[in-house]
*Asks:* 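First, the structure itself, so that you have it in front of you.
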Amino acid sequence: MPITRRAALAGLGTALAAPAIRPSFAQAAPIKVGVLHSLSGTMAISETALRDTVLMMVEAQNAAGGILGRRLEAVVVDPASNWPLFAEKARELLAVSKVDVTFGCWTSVSRKSVLPVFEELNGLLFYPVQYEGEEESKNIFYTGAAPNQQAIPAVEYLMGADGGEAKRIALLGTDYVYPRTTNRILRAFLISKGIPESDIMEEYTPFGHSDWQGIVSRVKRFAGEGKKTAIVSTINGDANVPFYRELGNQGIKAEDIPCVAFSVGEEELAGIDTRPLVGHLAAWNYFMSVQSPANTQFKAMWQAYIKNPRRVTNDPMEATFTGFKMWAQAVAQAGTTSVDAVRTAMYGQKVEAPSGYTEEMHRNHHLSKPVMIGEVQADGQFNIVWKTPTAIPAENWSPFIPENANRRRG
């Protein structure tokens, strides 16, 4: 029997924080939830689904009785993949709309644009995407992966027997802070493992880049010099579509030059003919193909809400879902939406995540998360070929950046 939207939302009631007694929503002002995601421009391909995930969670929370007897109200803005506009829209959400919490951003440049605004106005941002680390703010909770929860395990996999024992690595990224910092960490890691500089290729392209013929040809030449080669991709946004198309055009197959991506999931693959890409990899903390009761519920909830059986779930959506549940639990525990009280209540919050693991928020404002490697399938889904046995605490200050020596905890 198909699961209806009403049943899916109602079924989440026990999982979302809700008061034992549900007073009328009219008794108190609504709790305002800011949504700060690009709905236009180069990042819309990735961020629109995160807007929809927050709206789904707001609707589900209201169906479960709201929080503290108050209805939730979403306030959506479109920063349009424009990094300075992110800061303007963040200020609008906090100073004009007076939101109690914000879920938003994808790129690190957008997060860094809004960070001083959230710190100045003491707002609360939940950031749901893997990133380069090297940051810790009392006004941000990071529910995506730090490098030790994605990038480093992925490269270790490529260098291991299961991943093809790569001896040369091509680091291809979009030209902004996340790819450059992540690749700085990966370069130091590779050198620590005995890979010489001459066996590391590194290239960057602008957002929205579309002409990949030359770069892919250079990768083929780099791989043709006698050593097993792999591609590590930190390419973001809609540039991934022509990049993967060019891999197919030039006949780069996974068994010859595997490519592991850090910013390509089910949503991005939905617009690509994935048949030439079968066997290429992605590293995330969640895939839609995860087998767990929590993921079955998550997918049913999403399909019922979005009313489109072709729409997929992905890692940043799952991180948004998990972060929202933790925030709702923290508000219920604190008895208020006050940022300072909610911040304190967030520490130690746990959620049985769709990943199939229990995830916990630590005092460094980062989650413990599992790490998974998935192979692209012809249907655009991922076959999980490797995962960690437990959730891994985040190292937001990388040991592969020397100046972090005095920042690292414990």
*Asks:* Is it true that a side-chain atom of Lys253 and a backbone atom of Pro258 form a donor plus acceptor pair closer than 3.5 Å?
*Replies:*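 No, the answer is negative, given that no donor and acceptor are paired below the 3.5 Å cut-off.
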*Asks:* Any donor-acceptor pair under 3.5 Å linking the side-chain atoms of Thr107 with those of Ser110?
*Replies:* yes
*Asks:* Donor-acceptor pair, distance only, cut-off 3.5 Å: does the side chain of Glu266 make one with the backbone of Met288?
*Replies:* yes
*Asks:* Before you tell me yes or no, could you show the steps for Glu202 and Arg187 under salt bridge (charged side-chain N to carboxylate O under 4.0 Å, His left out), namely the whole-Å CA-CA distance, both residues' side-chain angles and the distance that decides it to 0.1 Å?
*Replies:* CA-CA 9 Å; Glu202 191 168 348; Arg187 181 178 285 272; 2.6 Å; yes
*Asks:* Under a 3.5 Å threshold, yes or no: a donor from one side chain and an acceptor from the other, between Asn148 and Asn396?
*Replies:* no
*Asks:* Any side-chain to backbone donor/acceptor pair from Asn240 onto Ile235? Under 3.5 Å, distance only.
*Replies:*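 Answer holds: yes.
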*Asks:* Indicate whether the side chain of Thr174 and that of Asn236 have a donor and an acceptor atom separated by less than 3.5 Å.
*Replies:*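 The criterion, which ignores hydrogens and geometry beyond distance, is not satisfied for Asn236 and Thr174.
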*Asks:* So Ser108 and Glu132, side chain to side chain donor-acceptor pair (under 3.5 Å) or not? Walk me through it.
*Replies:* CA-CA 8 Å; Ser108 285; Glu132 70 283 356; 2.5 Å; yes
*Asks:* Looking only at side chains, do Asn314 and Tyr286 share a donor and an acceptor under 3.5 Å apart?
*Replies:* no
*Asks:* For Gln333 and Gln349, which I'm curious about, is there any donor-acceptor pair between the side chains at under 3.5 Å?
*Replies:* yes
*Asks:* Nearest 0.5 Å, please: how far is CG in Leu186 from CD1 in Ile195?
*Replies:*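 So the CD1 of Ile195 and the CG of Leu186 are separated by 12.0 Å.
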*Asks:* Assign the ring pair Tyr142 / Tyr131 to parallel, tilted or perpendicular, where the plane angle (0 to 90°) is split at 30° and 60°.
*Replies:* parallel
*Asks:* Ala261: what forms a side-chain contact (heavy atoms from CB on, under 4.5 Å) with it, not counting sequence neighbours?
*Replies:*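 Once residues adjacent in sequence are excluded, the partners of Ala261 under the side-chain contact (heavy atoms from CB on, under 4.5 Å) criterion are Ser233, Tyr244, Val264.
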*Asks:* Does any donor atom in the side chain of Asn285 or Ser355 lie under 3.5 Å from an acceptor atom in the other side chain?
*Replies:*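 Judged by distance alone, the side chains do not pair up.
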*Asks:* Which residue pairs satisfy the salt bridge (Lys or Arg N to Asp or Glu O under 4.0 Å) criterion with at least one member in residues 39-53, sequence neighbours excluded?
*Replies:*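 Those involving residues 39-53 are Asp52-Arg311.
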*Asks:* Side chain of Glu375, backbone of Asn383: donor and acceptor closer than 3.5 Å?
*Replies:*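 Not a single qualifying donor-acceptor pair exists.
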*Asks:* Are the side chain of Asn62 and the backbone N or O of Leu72 linked by a donor-acceptor pair below 3.5 Å?
*Replies:*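 Confirmed, Asn62 side chain pairs with Leu72 backbone.
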*Asks:* Kindly compute the distance separating CG (Leu121) from CG (Leu93), expressed to the nearest 0.5 Å.
*Replies:* 11.0 Å
*Asks:* NZ of Lys32: more than 12 outside heavy atoms within 6.0 angstrom?
*Replies:* yes
*Asks:* Taking only Lys NZ, Arg NE, NH1 and NH2, and the carboxylate oxygens of Asp or Glu, determine whether Glu73 and Arg71 approach each other closer than 4.0 Å.
*Replies:*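 Arg71 and Glu73: salt-bridged.
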*Asks:* Do Glu246 and Gln213 have side-chain N/O donor and acceptor atoms under 3.5 Å apart?
*Replies:*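 Short answer, no.
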*Asks:* Looking only at atom types and distance, does a side-chain atom of Gln150 sit under 3.5 Å from a main-chain N or O of Phe262, one as donor and one as acceptor?
*Replies:* yes
*Asks:* What is the ring orientation for Tyr178 with Tyr176, classed by angle as parallel under 30°, tilted 30 to 60°, or perpendicular over 60°?
*Replies:*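 If you compare the ring of Tyr178 with that of Tyr176, the planes turn out tilted.
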*Asks:* Among residues at least two apart in sequence or on other chains, which ones pass salt bridge (charged side-chain N to carboxylate O under 4.0 Å, His left out) with Glu352?
*Replies:*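 With neighbours one apart ignored, the set is empty.
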*Asks:* Just say parallel, tilted or perpendicular for the rings of Phe207 and Trp83, cut-offs at 30° and 60°.
*Replies:* tilted
*Asks:* Of all residues at least two apart in sequence or in a different chain, which pass the side-chain hydrogen bond (donor to acceptor under 3.5 Å, both in side chains) check with Lys112?
*Replies:* Glu135
*Asks:* In terms of heavy-atom contacts, does NZ of Lys299 have more than 12 from other residues, nucleotides or ligands at under 6.0 Å?
*Replies:*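 Count over threshold, so yes.
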*Asks:* For Arg343 and Asn139, indicate whether the former's side chain and the latter's backbone hold a donor-acceptor pair under 3.5 Å.
*Replies:* no
*Asks:* Distance from Leu124 atom CG to Phe141 atom CZ, nearest 0.5 Å?
*Replies:*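 CZ of Phe141 is found 6.0 Å from CG of Leu124.
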*Asks:* Going by side-chain contact (heavy atoms from CB on, under 4.5 Å), Tyr204 matches just one of Leu171, Asp175, Ile215. Which one?
*Replies:* Asp175
*Asks:* Looking just at side-chain N and O atoms, do Ser46 and Glu267 make a donor-acceptor pair shorter than 3.5 Å?
*Replies:* no
*Asks:* Exactly one of Ile200, Ile169, Thr229 should register a side-chain contact (heavy atoms from CB on, under 4.5 Å) with Phe222. Which one does?
*Replies:* Thr229
*Asks:* Tell me whether Glu203 contacts the main-chain N or O of Gly173 through its side chain, where contact means a donor paired with an acceptor under 3.5 Å.
*Replies:* no
*Asks:* By side-chain hydrogen bond (donor to acceptor under 3.5 Å, both in side chains), which residues pair with Thr344, not counting sequence neighbours?
*Replies:* none
*Asks:* Test of understanding: with side-chain hydrogen bond (donor to acceptor under 3.5 Å, both in side chains), list the residues that count as partners of Thr234, not counting sequence neighbours.
*Replies:* none
*Asks:* Are a donor atom and an acceptor atom from the side chains of Ser398 and Glu134 found within less than 3.5 Å of each other?
*Replies:*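 Glu134 and Ser398 do not have a side-chain donor-acceptor pair below 3.5 Å.
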